[in-house]
Visitor: 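Here's a structure for you.
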There are 2 protein chains.
Amino acid sequence: MTSMAPSRTEHDLSFLLDHTSHVLRTRMAAALAELGLTARMHCVLVHALEEERTQIQLAEIGDMDKTTMVVTVDALEKAGLAERRPSSTDRRARIIAVTEKGTEVARRSQEIVDGVHTAALGSLPDKEREALVRALNRLVTGHLETPAEAPQPVRRARERS
Amino acid sequence: MTSMAPSRTEHDLSFLLDHTSHVLRTRMAAALAELGLTARMHCVLVHALEEERTQIQLAEIGDMDKTTMVVTVDALEKAGLAERRPSSTDRRARIIAVTEKGTEVARRSQEIVDGVHTAALGSLPDKEREALVRALNRLVTGHLETPAEAPQPVRRARERS
DNA sequence: TATTGTTATACTCTATAACTATA
DNA sequence: TATAGTTATAGAGTATAACAATA
């Protein structure tokens with residue numbers, strides 16, 4: 001969003017990526033909200049369906065904190081789309097089991113996600129679309145693979161009770 | 001970040017745009033931090049240098065709220081990079097004047113910004129780089145021009161004093 | 001001792017509301 | 001009445017710390 005260059009938006013990669021990802025995110029959020037889902041809920045549903053996975057594993061896949069995963073799974077349980085089940089091999093861990101209703105919702109939400117992506121990519125000429133996806137994949141696996149660590153502020157210890 | 005597709009990351013446009021923009025943003029923040037700047041501060045400096053502009057005008061350009069602009073200008077003043085000056089035509093408004101030091105810092109921060117962008121784009125083959133920029137510009141001015149409005153939550157009135 | 005999941009909470013960010021002074 | 005800038009603060013989002021159960 002923040003314009004990084006004086007009157008040369010066309011080559012401001014920061015602006016271009018921020019703007020497109022932000023707008024796409026709002027589109028996705030609005031589309032998924034029709035099913036009562038957030039992007040995170042969709043993400044968890046889809047990956048929990050693939051195979052038996054614990055909260056930690058799903059958090060890793062979705063690049064969420066484990067505490068964020070707790071509230072996401074809470075929401076899925078409350079909506080009747082998934083359930084926590086004890087792991088048979090590790091009594092600390094919970095397997096996220098997708099319900100029948102959750103399976104159906106995930107099928108529809110995946111259609112929505114694909115539709116939003118297809119609509120965006122479909123607005124581009126074939127050659128350009130292919131090059132865009134190729135270039136982004138090259139950046140994601142190459143020069144823009146890992147974030148620079150931010151100058152993190154310190155956090156005070158919690159008050160003892 | 002949130003993976004939107006089951007084991008098909010290569011075509012997950014949400015993931016690709018979110019990841020690249022996020023990583024680029026952290027790179028930019030880290031690089032600008034060396035000068036003691038945030039992306040917003042750089043943005044305001046650069047556009048305040050172009051011509052006489054008020055806070056509101058600069059907020060518009062940087063897509064910031066006017067209250068966010070207040071803290072950004074506070075930071076610039078505190079660092080001795082810019083000053084608030086009364087507008088000669090509207091006594092409500094403040095012109096953001098860049099100091100000599102601010103002018104020099106802006107020159108260097110623009111070099112940093114350009115360098116980060118050039119490094120990222122330089123990791124791509126020529127044809128792919130050109131197509132990426134063309135495709136992103138087409139999306140920004142076309143299908144992904146305007147955000148979908150989020151289902152905004154209500155805000156309670158402030159307590160009267 | 002380390003790890004999973006949980007709760008509680010602190011912190012950041014940003015937007016909203018109300019306000020002052022002008023227009 | 002409307003607008004520029006300010007202050008105070010609400011609210012969302014998320015990360016940190018501590019903890020209980022288990023490995």
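This is a predicted model, so every value here is computed, not measured. Both backbone and side-chain heavy atoms feed into the values below; hydrogens, waters and symmetry mates do not. Numbers restart at 1 for each chain; the letters A, B, ... are given by sequence-line order, proteins then strands.
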Visitor: Round to the nearest Å and state the distance from B:K66 atom NZ to D:dT6 atom C1'.
Guide: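 Value for this atom pair: 9 Å.
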Visitor: Is there a donor-acceptor pair under 3.5 Å between the side chain of B:H19 and the backbone N or O of A:L144?
Guide: yes
Visitor: Answer with base, sugar-phosphate or nothing: what part of the nucleic acid does B:S87 contact at a heavy-atom distance below 4.0 Å?
Guide: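 The answer is nothing, as B:S87 stays clear of every strand by at least 4.0 Å.
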Visitor: Over how many whole Å does the gap from B:R85 atom CZ to D:dA4 atom C1' extend?
Guide: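 Taking atom C1' of D:dA4 as the reference, CZ of B:R85 is at 19 Å.
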Visitor: Hey, does the side chain of A:R84 come within less than 4.0 Å of C:dT6's phosphate (OP1/OP2), counting only N and O?
Guide: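 Yes.
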Visitor: Is A:Q55 near enough to C:dT6 that one of its side-chain N or O atoms lies under 4.0 angstrom from OP1 or OP2?
Guide: yes
Visitor: Looking at A:L139, is its backbone amide N or carbonyl O close enough to the side chain of A:H143 to form a donor-acceptor pair, meaning the two atoms are under 3.5 Å apart?
Guide: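 Looks like no, no N/O pair under 3.5 Å.
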Visitor: Can you name the nearest heavy-atom pair linking B:R40 to B:M64, along with the distance?
Guide: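 The answer is CD-SD, 3.3 Å.
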Visitor: Distance check needed: D:dT22 C1' versus A:I56 CD1, whole Å only.
Guide: 14 Å
Visitor: In residues 67-80 of chain B, which ones come under 4.0 Å of DNA chain C, going by heavy atoms?
Guide: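 Residues of residues 67-80 of chain B that come under 4.0 Å of DNA chain C are, in numerical order, B:T67, B:T68.
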Visitor: Would you tell me if any nitrogen or oxygen in the side chain of B:R40 comes within less than 4.0 Å of OP1 or OP2 on C:dT14?
Guide: yes
Visitor: According to a strict under-4.0 Å criterion, is B:R94 in side-chain N/O contact with OP1 or OP2 of D:dT6?
Guide: yes
Visitor: Output yes when at least one side-chain N/O atom of A:R53 is less than 4.0 Å from OP1 or OP2 of C:dT4, else no.
Guide: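 Looking at the OP1 and OP2 atoms of C:dT4, neither is under 4.0 Å from any side-chain N or O of A:R53.
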Visitor: Can you measure B:R91 atom CZ to D:dA2 atom C1' for me and round it to whole angstrom units?
Guide: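 About 17 Å, once rounded to whole Å.
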Visitor: Whole angstroms only, please: what is the CE-P distance between A:M64 and C:dT4?
Guide: 16 Å
Visitor: Which nucleotide sits closest to the side chain of B:D65: C:dG5, D:dA4, C:dT16?
Guide: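 The answer is C:dT16.
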Visitor: Are more than 12 heavy atoms from other residues, nucleotides or ligands located less than 6.0 Å from atom CD of A:E145?
Guide: yes
Visitor: Inspect the surroundings of CD in A:E60 and state if more than 12 heavy atoms from other residues, nucleotides or ligands are less than 6.0 Å away.
Guide: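 Check fails, neighbour count at 12 or below.
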Visitor: Of all the nucleotides listed (C:dT22, D:dG5, C:dT4), which has the minimum atom distance to the side chain of B:R92?
Guide: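 Output: C:dT22.
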Visitor: Can a salt bridge be assigned to the pair B:E130 and B:K127 using a cut-off of 4.0 Å between side-chain N and carboxylate O?
Guide: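 Salt bridge: no.
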Visitor: Between D:dA2 atom P and B:D90 atom CG, what is the distance in whole Å?
Guide: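 From B:D90 CG to D:dA2 P: 17 Å.
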Visitor: B:E34 side chain to B:A31 main-chain N or O, any donor-acceptor pair under 3.5 Å?
Guide: no
